[in-house]
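Here is the structure we will look at, set down as structure tokens.
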Amino acid sequence: MRIAVFAGDGIGPEVTEQAVRVLEKLGLPGLELVEGDVGGMAYRKHGHPLPQATLDIARGADAILFGAVGDFSCDNLERHLRPEQAILGLRKELGLFANLRPARVFPGLEHLTTLRREVAETIDLLIVRELNGDVYFGEKGIRTLPDGRRQGWDMMSYAEDEVRRIARAGFDAAMTRGRRLCSVDKANVLETSQLWRDVVIEVSAEYPEVELSHMYVDNAAMQLVKNPGQFDVIVTGNLFGDILSDQASMCVGSIGLLASASLAEGSFGLYEPIHGSAPDIAGKGLANPMATILSAAMLLRHSLGMEAEAARIEAAVARALADGINGGDLGGSAGTREIGDAVVERL
Ligand code: IPM
Ligand code: MG
């Protein structure tokens, strides 16, 4: 079992360190951790945010534990050299097409929601976001029109096989949960979305037990704050999923607790907290490592088939929260190391 650990920028190294401590504490036989450079720190060391050596480490591993990338000092670099290209490149190069972003309110943390408490308490949803296509990876550029005006453009497209495999990921996820799938698109305006909707309906024939519905993305954004309890699994494209998953995280109020998995065909996956590199608090020992620790739990479950160990980590985090160990993002005062200690003790 080889896990690649890519800590990255900002608070990435601090939070990843605590997740690694938790993994090591489990004493899993044959577990090997291999570190690699990604993001702005990789650019400074190697001249590229995703060096070939890092890709090689990723390809030789069973799963990746990822911290965060992003660094304001790189904002003026050409796009292909910016830190974000590390995560985008890993997703594309490794075929990590299915992004699972669960959101639910943690017991005892209901007060953190930006919604009314009785609304937030109903949230238990999973966003399945496509990660390999859409405007993210289409042709793009800034060109000058014949009349001299500059024009930015990004090509949005989805091929039917790309929609089919993410639709199946959505239906499969729904089968393990409440068996309700809501496909989010913008089929009233976009041809890409019309094909998306047609293909999702085709795939639904393979899943007669799952109740399928469709929603335009603007309405979905509204429903997420109006009546989020209606959702079980949401399946959507790359751009809409990026936006809706940030929104869902604030509906539950604790971005420092939300983990995510990015899965390829088979068991390979990359696991990362959904928060970013938070440069404002980097290096201060203030960041909450729980989302990264919970990402490590998802890694054990999805890529290594170790359900019992994953549940042990999740229970230890839940116990620490119940005992009042809260990071600054949760209105508490526990620091990065202290939270790591608390989870390790409770394992
Ligand atoms: C995310 C992030 C990334 C994305 C950025 C860092 C490129 O916002 O994982 O949601 O847009 O996918
Ligand atoms: Mg995002």
Side-chain angles (χ1 to χ4, degrees), residues 6-13 15-16 37-43 48-50 54 58 64-75 77-103 125-138 140 152 154-156 158 162 166 169 184 217 220-221 224 234-252 254-264 269-280 282 287 291-292 294-295 298-299 329:
F6 300 160
D9 302 321
I11 60 171
V15 294
T16 310
D37 297 333
V38 289
M41 58 84 82
Y43 171 76
H48 198 281
L50 182 58
T54 300
I64 302 170
L65 182 66
F66 194 91
V69 289
D71 181 334
F72 294 132
S73 73
C74 298
D75 278 359
L77 293 173
E78 281 176 67
R79 185 167 301 281
H80 75 280
L81 294 176
R82 292 195 203 161
E84 291 76 12
Q85 295 304 313
I87 185 67
L88 296 175
L90 285 166
R91 289 172 183 170
K92 194 69 178 176
E93 290 291 327
L94 304 172
L96 301 165
F97 71 94
N99 189 206
L100 310 186
R101 296 189 168 184
L125 60 85
L126 172 69
I127 296 183
V128 178
R129 167 190 175 196
E130 203 287 331
L131 277 187
N132 276 186
D134 206 346
V135 281
Y136 270 67
F137 293 100
K140 58 185 72 206
D154 299 84
M155 162 89 163
M156 175 183 270
Y158 266 121
E162 293 176 301
I166 193 69
V184 170
V217 62
L224 261 180
I234 291 174
V235 65
T236 191
N238 206 345
L239 181 63
F240 301 156
D242 179 44
I243 299 165
L244 293 180
S245 60
D246 265 27
Q247 190 185 346
S249 75
M250 265 307 111
C251 292
V252 301
S254 39
I255 198 158
L257 294 179
L258 296 182
S260 79
S262 303
L263 306 175
L270 177 150
Y271 302 82
E272 58 174 328
I274 82 157
H275 62 68
S277 57
D280 51 322
T292 314
L294 292 169
S295 297
M298 284 185 102
L299 182 157
D329 58 315

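If you're wondering where the values come from, they're calculated on a predicted model, not measured in any experiment. Atoms within each ligand, like the ligands themselves, are counted from 1 in listed order.
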| query | For Asp329, what residues pass the salt bridge (charged side-chain N to carboxylate O under 4.0 Å, His left out) criterion, not counting sequence neighbours? | reply | none
| query | List-wise, which protein N, O or S atoms are found short of 2.8 Å from the Mg ion (ligand 2)? | reply | Asp242 OD1
| Can you check whether Glu272 has an N/O within less than 3.5 Å of an N/O in ligand 1? | no
| Nearest protein heavy-atom contact for atom 10 (O) of ligand 1: which residue, which atom, what distance? | Asp242 OD1, 2.9 Å
| query | Does Arg82 have a non-hydrogen atom less than 4.0 Å from ligand 1? | reply | no
| Out of Asp246, Asp134, Asp242, which one pairs with Arg129 under the salt bridge (charged side-chain N to carboxylate O under 4.0 Å, His left out) rule? | Asp242
| message | So, using salt bridge (charged side-chain N to carboxylate O under 4.0 Å, His left out) as the criterion, who are the partners of Asp71 when residues are at least two apart? | response | Arg44
| query | Should you measure from each heavy atom of Arg129, which atoms of ligand 1 turn up under 4.0 Å away? | reply | 1 (C), 4 (C), 9 (O), 10 (O), 11 (O), 12 (O)
| query | Rounded to the nearest 0.5 Å, what separation is found between the CD1 atom of Ile87 and the CG atom of Leu50? | reply | 9.5 Å
| Parallel, tilted or perpendicular for His48 and His80, by the 30°/60° rule? | tilted
| remark: Here the gap from Leu126 atom CG to Ser260 atom OG, rounded to the nearest 0.5 Å, amounts to 11.0 Å
| query | Taking atom OG1 of Thr16 and atom CZ of Phe66, what is their separation to the nearest 0.5 Å? | reply | 9.0 Å
| said: Contact between ligand 1 and Arg101 is defined here as a heavy atom of the residue under 4.0 Å from a ligand atom; is it met? | reply: yes
| message | Glu84 versus ligand 1: do any nitrogen or oxygen atoms come within less than 3.5 Å of each other? | response | no
| query | Below 3.5 angstrom, do we get any N/O pair linking Tyr136 and ligand 1? | reply | yes
| field | Sequence-distant partners of Ser262, side chain to side chain contact (heavy atoms under 4.5 Å, CB included), two or more places apart | value | Leu96, Asn99, Leu131, Leu270, Glu272
| said: Return the CZ to OH distance between Phe6 and Tyr271, rounded to the nearest 0.5 Å. | reply: 14.0 Å
